[in-house]
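Nothing here was measured: the structure is a model prediction, and the numbers come from that model. Indexing begins at 1, ligand by ligand and atom by atom, following the structure's order.
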Amino acid sequence: MKAWQVAELGEPRDVLQLTEVDDPVAGPGQVLVGVLAAPGNFPDVLLCRGQYQIKPPLPFTPGVELCGEVLAVGAGVDRFAPGDRIVGTANLPGGGFAELAVLDAENAFPAPASLDDAEAAALVIGYQTSWFALHRRTRLLPGETLLVHAAAGGVGSTAVQLGKAAGAKVIGVVGGAAKADYCRALGADLVIDRHTEDFVPIVKEFTGGRGADVIYDPVGGDAYAKSTKCVAFEGRILVIGFAGGTIPQPALNHALIKNYSIIGLHWGLYKQYDQRAIHDCHAELTRLADEGLVKPLISERLSLADVPDGLGRLGDGETVGRIVFQPGI
Ligand SMILES: NC(=O)c1ccc[n+]([C@@H]2O[C@H](COP(=O)([O-])OP(=O)(O)OC[C@H]3O[C@@H](n4cnc5c(N)ncnc54)[C@H](OP(=O)(O)O)[C@@H]3O)[C@@H](O)[C@H]2O)c1
């Protein structure tokens, strides 16, 4: 089969090579799929650079989530059968930017019938991350104000939709006019373009001076620092990622003085500590998708050949919304 491989670490455009490799085989507890769709995620960029918390042995194929058609199941797998359409997280070093992939059955779920292949593939990491962030690590309440940074991005776009589905007022901060349009299409109540506006006074004005109750931050750096200026009394700042490249050093005296919480979220850890919760979350996301309350908004449906350029643009912060690679295109 054909697979994009990283044999030495670096920028995606420089190090990804399309390679002919042996077809993978499903071992015990595993599922072999023909890949139908695999979204680009910032962690794929970090994997290529060697900056992700997981460092697969070289050479590896990135592509952390996918939708696929089951071709074979390994011993002990009774939840799936050949022909099923499933979504899930791939087994690195064999990721989803390939014609075939193997998943551990416990990390795979039925694809919602209401979503096409690209949409279903994008229902996993981003939505799971935001679900756990907003409903488990933080208890977002109806009527509260949720501020989302990088709100037209992979995880940010899911926080906008899940925030609206939870009955919150949602403010999205984005970089540029195209991302602002995308964020409005997601349903945000207020969109702020960080290229032309300072979000701090706008958030204060929108909330009558109170500030945002929950702030969802996949960016870090200035986005975090300025968030502390407009977080509400008893507000919660969710630390999701550092796409801006700078890991903030919080001032704990400030958190004390203003009565706010700084809450970390690493979704992948739930695979280790509470796998059941991940399955329950998928059932809830499927219900929300079937009821039309969430729907991944795919901005680019690309071929497998487009992976290096797509990931390059994702790493540069230039992509709008979800980009998905489909071997069949
Ligand atoms: N905690 C978890 O469990 C978890 C799970 C998944 C992902 N993540 C993390 O969440 C972050 C976002 O991932 P994603 O896949 O959703 O990516 P993404 O949001 O699609 O892309 C990153 C966005 O960050 C913003 N940004 C601001 N400064 C940037 C800079 N200097 N360089 C690049 N981007 C910049 C850009 O949006 P604007 O221009 O609109 O500001 C850009 O589009 C990553 O750090 C990822 O590792 C964490």
Listing, residues 254-265 side-chain donor-acceptor contacts under 3.5 Å, not counting sequence neighbours, or none:
unit_1	atom_1	unit_2	atom_2	d
His254	ND1	Tyr260	OH	2.8
Lys258	NZ	Thr228	O	2.9

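- Between the side chains of Glu65 and Asn41, at least one donor N or O sits under 3.5 Å from an acceptor N or O.
- More than 12 heavy atoms of other residues, nucleotides or ligands lie within 6.0 Å of CD in Glu318, so this atom counts as buried by the packing criterion.
- Salt-bridge annotation for Glu11 and Arg49: present, with a side-chain N of the basic residue lying under 4.0 Å from a carboxylate O of the acidic one.
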Put together the list of close N/O pairs, under 3.5 Å, between ligand 1 and the protein, could you?
unit_1	atom_1	unit_2	atom_2	d
ligand 1	1 (N)	Ile240	O	2.9
ligand 1	1 (N)	Leu265	O	2.7
ligand 1	3 (O)	Trp267	N	2.8
ligand 1	15 (O)	Phe42	N	2.7
ligand 1	16 (O)	Gly154	N	3.2
ligand 1	16 (O)	Val155	N	2.7
ligand 1	19 (O)	Gly154	N	3.4
ligand 1	20 (O)	Gly154	N	2.9
ligand 1	32 (N)	Ala243	O	3.3
ligand 1	37 (O)	Lys179	NZ	3.4
ligand 1	39 (O)	Lys179	NZ	2.8
ligand 1	39 (O)	Arg194	NH2	2.8
ligand 1	40 (O)	Gly175	N	2.9
ligand 1	41 (O)	Arg194	NE	2.7
ligand 1	41 (O)	Arg194	NH2	3.2
ligand 1	43 (O)	Lys179	NZ	3.2
ligand 1	45 (O)	Phe242	N	3.3

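- By the 30° and 60° cut-offs, the orientation of the rings of Tyr270 relative to Phe132 is tilted.
- Across all non-hydrogen atoms, the minimal contact from Gly96 to Leu66 is CA-CD2, 3.8 Å.
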